[in-house]
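Remarks on the structure that follows.
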Amino acid sequence: MRIATWNVNSLKARLPRVEEFLGYADVDVLCIQETKLADKAFPFLTFQELGYESVHNGQGQWNGVAILSRVGISDVQYGFGANIADPYEGDARLISAKCGDITAVSVYVPNGRTVPSDHYDRKLDWFAALNLWLNEYFTPQDALAVLGDYNVAPADRDVWSTTHFEGSTHVTAAERAAVQALCDWGMVDTFRAVHPDEEGLYSYWDYRAGDFHQHRGMRIDLVLATAAIAAKVTYAVVDRNARKGTLPSDHAPVIVDFTTP
DNA sequence: ATGGTAGCCCTGCTA
């Protein structure tokens with residue numbers, strides 16, 4: 001089975017690139033973030049014609065998350081639900097669905113803006129809410145993958161320069177501890193399981209200052225998965241070509257393969 | 001050249 005995550009930075013602007021990706025990437029499940037679309041504007045039929053069922057938690061101008069699947073979609077959840085307070089209430093940042101033999105979750109973790117700030121504090125609270133939500137609906141024994149834009153680089157080797165990001169969001173000890181808490185619950189950073197030590201493996205490059213061509217990036221798009229999936233991962237890659245060419249997103253897709261019984 | 005680009009919807013805000 002092949003799963004992938006991609007922050008497309010507006011599905012309206014990026015639809016041709018997403019169609020192109022679906023044509024060559026051979027993914028079974030694709031989790032998308034930052035659709036920036038209302039549900040009524042989501043291109044369900046376009047994806048259907050390409051062989052994918054899709055579900056969308058849309059908001060309009062900002063955020064918006066989706067799941068595309070060619071192995072079925074059921075048991076859809078939109079956001080944290082009524083029992084868990086959302087520190088970013090009103091934002092469309094989470095959708096989950098059963099896709100074939102696994103549950104896929106598409107998350108768009110809040111950016112946090114600056115340190116310190118109210119937005120940063122609520123980013124950490126959002127991670128805590130995610131942990132509560134996982135606990136409420138799943139167990140570490142489930143075949144569960146939480147894919148998305150975490151807006152956290154888990155380790156120093158996941159950024160092009162530690163000094164450049166000193167004092168910024170995405171690299172603070174508290175944010176990294178929030179990701180680690182998910183791993184403590186039972187999730188594995190599957191990309192790092194395949195590439196444990198390699199540096200320079202990024203998934204996001206700022207549009208500004210030619211960062212992509214200067215290899216100034218960050219690895220903030222993660223595929224966390226429980227052992228039922230993580231123990232069977234055979235391949236993981238960043239599709240850097242998707243960051244090149246005409247009207248690219250500032251993020252590249254991250255693809256993970258695992259064997260199914 | 002004193003921080004740059006992309007996307008949104010009023011041209012300032014968010015990333």
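First the proteins, then the strands, lettered A, B, ... as listed; each starts at 1.
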Ring-ring centroid check A:W126 A:F80, cutoff 6.0 Å: yes
Salt bridge flag under 4.0 Å for residues A:R70 and A:D26: yes
Rounded distance (nearest 0.5 Å) linking atom CG of A:D91 with atom CG of A:N57: 10.0 Å
Donor-acceptor side-chain pairing of A:Q77 and A:W133 below 3.5 angstrom: yes
Donor-acceptor pair between A:D239 and A:Y24 side chains, under 3.5 angstrom: yes
Interatomic distance where CG belongs to A:L11 and C1' belongs to B:dC8 [whole Å]: 14 Å
Between B:dA15 (P) and A:D211 (CG): distance, integer Å: 18 Å
A:Q61, nearest nucleotide to its side chain (from B:dC9, B:dA15, B:dG7): B:dC9
Spacing of A:N7 atom CG relative to B:dG7 atom P, expressed in whole Å: 12 Å
Same-atom distance (C1') from B:dT14 to B:dC10, integer angstrom: 16 Å
Separation of B:dG7 C1' from A:L15 CG (nearest whole Å): 16 Å
Inter-nucleotide C1' distance (B:dG7, B:dT11), Å rounded: 13 Å
Sugar-phosphate only, base, or nothing, as touched by A:R14 at under 4.0 Å among non-hydrogen atoms: sugar-phosphate
d(OH, A:Y207; P, B:dC13) in whole Å: 21 Å
Value in whole Å for how far the C1' atom of B:dA6 lies from CZ of A:R243: 10 Å
Residue whose closest nucleotide on DNA chain B lies nearer the 5' end, A:S10 versus A:N63: A:S10
Value in whole Å for how far the C1' atom of B:dT5 lies from CD of A:Q214: 15 Å
Residue mapping more 5' on DNA chain B - nearest nucleotide basis, A:K12 or A:G112: A:K12
Sugar-phosphate only, base, or nothing, as touched by A:Y108 at under 4.0 Å among non-hydrogen atoms: sugar-phosphate
Rounded P spacing from B:dC9 to B:dA15 in Å: 15 Å
Interatomic distance where CG belongs to A:D206 and P belongs to B:dA6 [whole Å]: 10 Å
Distance below 4.0 Å between A:R208 side-chain N/O and B:dA6 OP1 or OP2: no
